[in-house]
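Taking it in order: structure first as structure tokens, then the write-up.
Everything quoted here is computed from the prediction, not taken from an experiment. What you see below is based on every heavy atom in this structure, not just the backbone, and it leaves out hydrogens, waters and symmetry mates.
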Amino acid sequence: MRPGRPGFSFPAAAAAALAHPPPASAAPRVHGSRIFTIVIRNMRFAPAPAGMRAGDAILWVNRDLFRHTATAADRSFDLDLPPGTSGKIVLRRPGAIAYSCKFHPGMKDVLVIGR
């Protein structure tokens with residue numbers, strides 16, 4: 001055995017660390033919350049994700065050639081998103097929030113936020 005800390009075995013420590021890897025499907029965390037992504041492409045919002053709760057965040061990503069907004073009908077958020085940019089909001093309360101693009105009123109959807 002090599003000199004070092006008594007009772008420490010690197011192979012045993014490595015095996016113990018690998019025995020309990022973090023789950024591969026875990027959602028990214030922000031202060032105990034999850035981050036959901038809504039991509040804007042081809043003059044459309046991707047469908048609003050299911051399972052959102054108050055305290056979760058939404059990352060809005062504009063992959064379109066045009067400037068868009070993500071604007072809540074209740075005025076709880078209003079993000080300006082030039083092409084190639086992103087912005088994040090935190091969902092503060094449960095309920096349904098209709099949203100649209102100020103520049104393209106046909107682009108709209110509803111977020112459903114649980115408790």
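- Between the side chain of N42 and the backbone N or O of R44 there is no donor-acceptor pair closer than 3.5 Å.
- Heavy-atom minimum distance, A46 versus Y99: O-OH, 4.2 Å.
- Once rounded to the nearest 0.5 Å, the distance linking CG of L81 with CZ of F103 reads 9.5 Å.
- One hydrophobic cluster, built from ILVMFWY side chains closer than 4.5 Å, cannot hold both F45 and M43; they sit in different ones.
- P83 and L65 get closest at one heavy-atom pair: CG-O, 3.4 Å.
- Side-chain heavy atoms closer than 4.5 Å link hydrophobic residues (I, L, V, M, F, W, Y) into clusters, and following such links, even through other members, never connects L59 to I113.
- Contact detail for T69 and K102: the closest heavy-atom pair is OG1-N, 2.7 Å.
- Between the CG atom in L111 and the OG atom in S76 there is a gap of 8.0 Å [rounded to 0.5 Å].
- The two atoms that bring F36 and P49 nearest to each other are CD2-CB, 3.6 Å, heavy atoms only.
- For the side chain to side chain donor-acceptor pair (under 3.5 Å) criterion with R67, the lone passing option out of D80, T85, N62 is D80.
- Checked by atom type and distance alone, the side chain of R34 pairs as donor or acceptor with a backbone atom of G51 at under 3.5 Å.
- Across all non-hydrogen atoms, the minimal contact from R41 to D64 is C-OD2, 4.0 Å.
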With side chain to side chain contact (heavy atoms under 4.5 Å, CB included) as the test, would you mind laying out the steps for F77 and I97 before giving the verdict?
CA-CA 10 Å; F77 59 87; I97 302 174; 4.0 Å; yes

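- Taking both residues in full, the closest heavy atoms of H68 and I40 are given as CD2-CG2, 3.4 Å, listed atom of the first, atom of the second, then distance.
- With S33 contributing its side chain and G55 its backbone, the two residues share a donor-acceptor pair below 3.5 Å.
- Here CE of M52 is found 6.0 Å from CG of L91. Values are rounded to the nearest 0.5 Å.
- Within the model, atoms OG of S86 and CD1 of I38 stand 13.0 Å from one another, a figure rounded to the nearest 0.5 Å.
- Grouping the Ile, Leu, Val, Met, Phe, Trp and Tyr side chains by contacts below 4.5 angstrom, directly or via other members, places L79 with I58.
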